[in-house]
There are 2 protein chains.
Amino acid sequence: MRYSAKHKAETRQKLIEKAGALAKKDGFATTGVDGLMSTVGLTGGAFYSHFSSKNELLLEIIRQELKKSQDLLETNLSNHNIEPFLNLYLSQLHLNFPALGCALPSLTTEVGRADAEVKQAFSEGLARIHQILNTQLSNPQMAWATIAMTVGAVNLARALPAGERQQALLTACQNMILAMAKN
Amino acid sequence: MRYSAKHKAETRQKLIEKAGALAKKDGFATTGVDGLMSTVGLTGGAFYSHFSSKNELLLEIIRQELKKSQDLLETNLSNHNIEPFLNLYLSQLHLNFPALGCALPSLTTEVGRADAEVKQAFSEGLARIHQILNTQLSNPQMAWATIAMTVGAVNLARALPAGERQQALLTACQNMILAMAKN
DNA sequence: GTCTATACATTGATAGAC
DNA sequence: GTCTATCAATGTATAGAC
């Protein structure tokens, strides 16, 4: 072969990362194959030597993005104190740069419309996130509630114009999670 | 004119409702003009005698869908008891029929990518929902937290395969909201 | 492995007949 | 107000040259 297996693996990896960022920013459905390939300096046809279909790409995006979320969660979570994590997750920075942020607020809705294989990968990634959070909180139900509230809050806040209402929503969710954690 | 103003208004209304249902089910971006028009027995070109663009349609969908959510919320909420509402909102029925359900889990992510006008309409609709919930709960922060958690829970649950994990998430959110409401 | 070329469907939107 | 026809652009995917 004219290109090494290593080169192929690197290209594939680069594609998954670029596609993940584009999908988190603009949505997976509206991220076109040609546009994606051109961001790594390749042409559209080459896509299919790395993935059998767009759906396989989505599967890999979900796997790797949720892995990244797990790592970030572990990094910012310690000593049964979730406040540092909340400050980051519910920040303006996270709202304003979805391409760099957690996949859950950006891609969950589209996963809900995807096939069973994608949902299964999503389920496994989410389970691990729940597991990590659970080690730091009082009980499993608290962990699920925290995930749902933070993901919902970021999603809703992004759909609001920057301003008082947006901030009130974020602050309220932060306060209520911290209040829950104290019981 | 060959068609009455009443006829035109009815057609427009029918389009907004159909498009809302399709967008909640499949996403707004992937809902095509031709496909939409054919569901009401018209052809694609006629769309633009009712809306100046797809964006104007999205604006109307958000306005009317959030109004519907407000009405449903008022109907199922009474006497400072949110349990009946939670039973409905976090039900398998709501998960499985997004076209008939609340617009928030389905359309919020896309509103986050829409223009300022759409976000403004979303903000006003969400404010009213918060207001309604706030009259039945102990404080405004509780109302925001409840909205974020329920919307997040439905969104996440739809992205999971039906099963234990999905049910654990729903049950946990329901329990935690009820526990919050008691304080 | 990546290229170009292509097939074919579908997108949002416009023009002009009726 | 709705039709048909059409536009340019873009969508996913495949075939064959290099």
Side-chain angles (χ1 to χ4, degrees), chain A residues 1-62 107 109-111 113-115 117-118, chain B residues 1-23 25-62 107 110-111 113-115 117-118:
Chain A
M1 46 185 137
R2 304 197 308 163
Y3 294 81
S4 67
K6 182 184 167 198
H7 175 261
K8 172 162 186 178
E10 284 172 354
T11 301
R12 180 184 161 99
Q13 181 55 29
K14 215 179 298 177
L15 283 173
I16 296 169
E17 277 166 24
K18 278 282 187 184
L22 285 172
K24 283 188 288 182
K25 184 165 140 297
D26 302 323
F28 178 74
T30 59
T31 295
V33 169
D34 275 29
L36 165 64
M37 298 306 285
S38 68
T39 68
V40 298
L42 297 180
T43 54
F47 176 83
Y48 296 93
S49 62
H50 295 279
F51 305 96
S52 67
S53 69
K54 246 192 111 182
N55 193 66
E56 190 196 328
L57 173 61
L58 177 57
L59 191 62
E60 283 307 314
I61 290 175
I62 293 302
L107 298 182
T109 308
E110 281 180 298
V111 173
R113 296 170 186 138
D115 67 18
E117 199 178 6
V118 174
Chain B
M1 45 184 137
R2 304 198 305 163
Y3 294 81
S4 67
K6 183 185 167 198
H7 176 259
K8 172 163 185 176
E10 284 172 354
T11 301
R12 180 183 160 97
Q13 182 56 27
K14 215 179 298 179
L15 283 174
I16 296 168
E17 278 166 24
K18 278 281 187 185
L22 285 173
K25 183 165 141 298
D26 302 323
F28 178 74
T30 59
T31 295
V33 170
D34 276 30
L36 166 64
M37 297 306 284
S38 68
T39 67
V40 298
L42 297 179
T43 54
F47 176 83
Y48 295 94
S49 62
H50 295 280
F51 306 96
S52 65
S53 69
K54 245 191 112 181
N55 193 65
E56 191 196 326
L57 173 62
L58 176 57
L59 191 62
E60 283 306 316
I61 289 174
I62 293 300
L107 299 181
E110 280 181 299
V111 172
R113 297 171 186 137
D115 67 18
E117 198 178 7
V118 173

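Note that this is a predicted model, so its numbers are computed, not measured.
- Listed here is the closest heavy atom pair of R113(A) and D26(B): NE-C, 3.6 Å.
- At whole-Å resolution of the value, CZ in F28(B) and C1' in dT11(C) are 13 Å apart.
- Protein atom CG of L42(A) is 20 Å distant from nucleotide atom P of dC18(D), rounded to whole Å.
- Whole-Å rounding puts the F47(A) CZ to dG1(C) P distance at 15 Å.
- With dG1(C), dT2(C), dG1(D) as the choices, the nucleotide that has an atom nearest any side-chain atom of K8(B) turns out to be dG1(D).
- A sub-4.0 Å separation between OP1 or OP2 of dA13(C) and a side-chain N or O of S52(B) is absent.
- Distances from the side chain of K54(B) to the nucleotides dG12(C), dG1(D), dC3(D) place dG12(C) closest.
- Here dA13(D) is the nucleotide among dT2(D), dA13(D), dC3(D) with the atom lying nearest to any side-chain atom of S53(A).
- Look at NZ on K6(A): it is 16 Å from C1' on dG1(C), rounded to the nearest Å.
- Distance D34(B) CG to dT6(D) C1': 12 Å, rounded to the nearest Å.
- Between T31(B) and K54(B), the closest heavy-atom pair is O-NZ, 3.0 Å.
- Using a 4.0 Å cut-off, no side-chain N or O of T43(B) falls inside it from OP1 or OP2 of dT2(D).
- Rounded to a whole Å, the CG atom of D26(B) is 15 Å from the C1' atom of dT10(C).
- For residues 8-55 of chain A, the set of pairs meeting the ring-ring contact (aromatic ring centres under 6.0 Å, His included) definition, not counting sequence neighbours, comprises F47(A)-F51(A).
- Among the heavy atoms of the strands lying under 4.0 Å from G32(A) are primed sugar atoms or P, OP1, OP2 only; no base atom is included.
- In plain terms, the two heavy atoms of T30(A) and A29(B) that are nearest each other are CG2-CB, 3.8 Å.
- The OH atom of Y48(A) sits 9 Å away from the C1' atom of dT14(D) (whole-angstrom rounding).
- Look at NE2 on H50(B): it is 7 Å from P on dG1(D), rounded to the nearest Å.
- Remark: T30(A) is not in phosphate contact with dT11(C), judged by side-chain N or O atoms under 4.0 Å from OP1 or OP2.
- Using a 4.5 Å heavy-atom threshold, the side chains of I16(A) and R12(A) count as touching.
- Minimum atom distance to the side chain of S49(A) is reached by dG1(C), of the listed dG1(C), dT2(D), dT12(D).
- Among the protein residues, T31(A) comes within range of the sugar-phosphate backbone only, with heavy atoms under 4.0 Å from sugar or phosphate atoms but none that close to a base.
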